[in-house]
Amino acid sequence: MFECKFWFYSNEIDVDLLLYDVRWDIDDTEFAVKHNLNKSEIESKGILRSSEWRIAGKKMGFNLKCSIRGKMEANGTSSKYVEGQNKYIGIATWPKSITISSGDYALVYLYPTVPIACIYNSSYPCRLQLELFDFTEQFRGAPMYCNESILELTKPALCGLELDGWRRWGSTPLNISVPANSAQNQDYTALVKLRSTGLTLDPLWNDYHLPPIQITVVNDNITDDYWGWYYGYCSSSTDPYISTFDWNGYSFNDEGEFVLFRHKTKPIEVHTIQHKFNNSDDWTENCAVAVRAGRDVFIVIGCEKPTQWIIRRLNCEAGAEYLQVYYRWDKYEVHLPTGSVVSLQIAMNRRINVHVTLSRSDRDQVEGLCGSWNGNRTDDFMDRTGRVLDNATLSARSWRVPRAESLFDAKRRNETINLSYMYCACSDSTISNGHLSPNADCSWQETIPTCPPLYWDREPCQITRRERSTDDIDDDNEIDVPEDIIAHKEHTEANNEWKNGWNESSATDACMTYFEESPAYQACLTIDNLNITGEIYTCITNIRVSYTYKSP
């Protein structure tokens, strides 16, 4: 029950002779009025009992305010109500909002503003258990289709807590941790929501939802000059020209299967096959790409003539779907468990252009033709043994894939992926009541989920074929690329020298100036998280290949 406390003072009248009205407001709306009470009755008849607001359908979690006025007689003229202040009835949190750096944690304290009812002089437990039941991602400026619950992906350090009813004025901390954010997604806001799950004899707390706690997640490093423009982006396109994550570029025209990039500690990798479209060509092109996370493999193949593209999802099944694949026309976007994104585009029905954008959690964790993403351009041409070479071609050749490790050879592929496991971990490290938590987390998701491309379709977890012919092999595990296409063949080292007075700095300045003066680019500046890294890179590449500059 709630009692309205106030103090009487008057030099003109005897306050004991007045009648009083006590008004109770819930969330600033009049709920109940106790009329014509003597001063001595206020503490007994002016109270608000829990049964009154429970019958009316009210639950814990509201603002309560009492007001009082006096009058000489029951039907007499009343004075104005003297209003008290709102008091929150429930469990308060401090702070109500907090800012956390991506990949960091913070403490939020919870305390009841009213007692949790306990059985007096009893050893019976008097606890109120709260659990995290929602953690909603709300990107600022993102479209509504991207606002989805990510409860299973957040990995908080503490998934719930208990309040001890005997500790009337104590507070209990909640440890909120956030995963490392993708480099594509910058600052964002999330809400932590808690609800009661029982363990108390007091029914007032049943199904009680606490006010949401606002968490603002910031990417501290994303604002640095280096990370601002050229963060974690690699591409292999056209003949192919490869741009590393740290923004070195080189042409590489050997044939065979190569590691475009792979994770240093996790079974995540992207392989490409470089092949001559015509035997007389002086260059090669990407005719096949395989993206793997554990046993889940997505393959695009088109190395035969006449070109017939085969797109397949291999070994994808319930509990082992680690890739998220989206497609639209001849474009595919593959989201990796770490938050990195691999984009594929079939160009001119003869080659595949590949673009990789890493998440922050993959920084310093990758290697291959794309180099390592660590902000140090001098170590991009590192071979398989970890040696830094001064020749891009020699470094790239070290990343050729032996037949035994091929993702395009059925037997070797199955041997490789069958040995790939990720170990489960505890979803929280706390000890409750002397017992270890029984919760195990077997999710690969380490980052907030990347926003799926708008108007693209989701590739289901099954085998897919495009332009399927009657002689297609039905058994997905028997997909084989001919050995002569996978085998490594060396070709003349490409000349990557700048010409006609151009260098990387002048090319970058020319391309940046073009975009800054472009009306179309100026119109796009109002879009949140605008990223033109790929367009800038393409412009620079065109200057290096053609030795001149033409406005796009």
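Throughout, numbering of the chain's residues begins at 1 and tracks the sequence.
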Between [Y] and [X], do the side chains contain a donor N or O and an acceptor N or O under 3.5 Å apart?
| X | Y | result |
| --- | --- | --- |
| Asp362 | Ser340 | yes |
| His263 | Thr265 | yes |
| Arg351 | Asn286 | no |
| Asn253 | Lys276 | no |
| Tyr326 | Gln324 | yes |
| Asn376 | Thr378 | yes |
| Asp246 | Thr244 | no |

Give me the atom names and distance for the closest heavy-atom approach of [X] to [Y].
| X | Y | answer |
| --- | --- | --- |
| Asp239 | Trp283 | O-CB, 3.7 Å |
| Glu304 | Pro482 | OE2-CG, 3.3 Å |
| Cys234 | Ser243 | SG-O, 3.0 Å |
| Leu323 | Arg313 | O-NH2, 2.7 Å |
| Pro95 | Val108 | O-CG1, 3.8 Å |
| Phe277 | Thr307 | CE1-OG1, 3.7 Å |

Do [X] and [Y] have side chains that get closer than 4.5 Å, going by heavy atoms?
| X | Y | answer |
| --- | --- | --- |
| Glu504 | Trp247 | yes |
| Trp309 | Val300 | yes |
| Glu257 | Leu407 | yes |
| Val289 | Ile299 | no |
| His355 | Leu344 | no |
| Met382 | Leu389 | no |
| Val354 | Leu260 | yes |
| Leu358 | Phe261 | yes |

Report the C-alpha distance between Ile273 and Val481 in whole Å, list the side-chain angles of each, state the deciding distance to 0.1 Å, and finish with yes or no for side chain to side chain contact (heavy atoms under 4.5 Å, CB included).
CA-CA 10 Å; Ile273 292 180; Val481 174; 4.0 Å; yes
Within the distance-only criterion (no hydrogens, no angle test), does the side chain of [X] pair as donor or acceptor with the backbone N or O of [Y] below 3.5 angstrom?
| X | Y | value |
| --- | --- | --- |
| Ser372 | Val366 | no |
| Asp281 | Asn278 | yes |
| Asp383 | Ser398 | no |
| Gln214 | Lys96 | no |
| Asn503 | Ser506 | yes |
| Asn248 | Arg377 | yes |
| Ser406 | Phe408 | yes |
| Ser395 | Asn391 | no |
| Asn353 | Thr238 | yes |
| Glu285 | Ile352 | no |

Distance, nearest 0.5 Å, that separates [atom1] of [X] from [atom2] of [Y]:
| X | Y | atom1 | atom2 | value |
| --- | --- | --- | --- | --- |
| Arg295 | Tyr322 | CZ | OH | 9.5 Å |
| Trp502 | Thr508 | CH2 | OG1 | 10.0 Å |
| Ile98 | Leu107 | CD1 | CG | 7.5 Å |
| Arg403 | Lys411 | CZ | NZ | 11.0 Å |

Examine Arg400 relative to Phe258 and say whether NZ or CZ is less than 6.0 Å from the centre of the six-membered ring and inside a 45° cone about the ring axis.
no
Are there more than 12 heavy atoms of other residues, nucleotides or ligands under 6.0 Å from atom CD of Gln522?
yes
Exactly one candidate in His488, Gln274, Lys489 meets side-chain hydrogen bond (donor to acceptor under 3.5 Å, both in side chains) with Asp254; the answer is His488
Hey, what's the ring geometry for Tyr332 with Phe298, parallel, tilted or perpendicular (30° and 60° as the breaks)?
tilted
Return the orientation label for the Tyr521 and Phe515 ring planes: parallel under 30°, perpendicular over 60°, tilted otherwise.
perpendicular
Please step through side chain to side chain contact (heavy atoms under 4.5 Å, CB included) for the pair Ile543 and Trp498, ending with a clear verdict.
CA-CA 9 Å; Ile543 295 176; Trp498 291 91; 4.0 Å; yes
Identified side chain to side chain contact (heavy atoms under 4.5 Å, CB included) counterpart of Glu269 within the set Glu405, Glu367, Arg292
Arg292
Working for side chain to side chain contact (heavy atoms under 4.5 Å, CB included), residues Asp296 and Asn315
CA-CA 5 Å; Asp296 195 353; Asn315 304 304; over 6 Å; no
Does the ring centre of Tyr241 sit less than 6.0 Å away from the ring centre of Phe252?
no
Quick one, His491 with Glu255, criterion side chain to side chain donor-acceptor pair (under 3.5 Å). Give me CA distance, side-chain angles, the key distance, then yes/no.
CA-CA 8 Å; His491 293 293; Glu255 292 184 87; 2.8 Å; yes
Carefully, step by step, assess Asp480 and Asp409 under the rule side chain to side chain contact (heavy atoms under 4.5 Å, CB included).
CA-CA 5 Å; Asp480 276 319; Asp409 179 293; 4.0 Å; yes
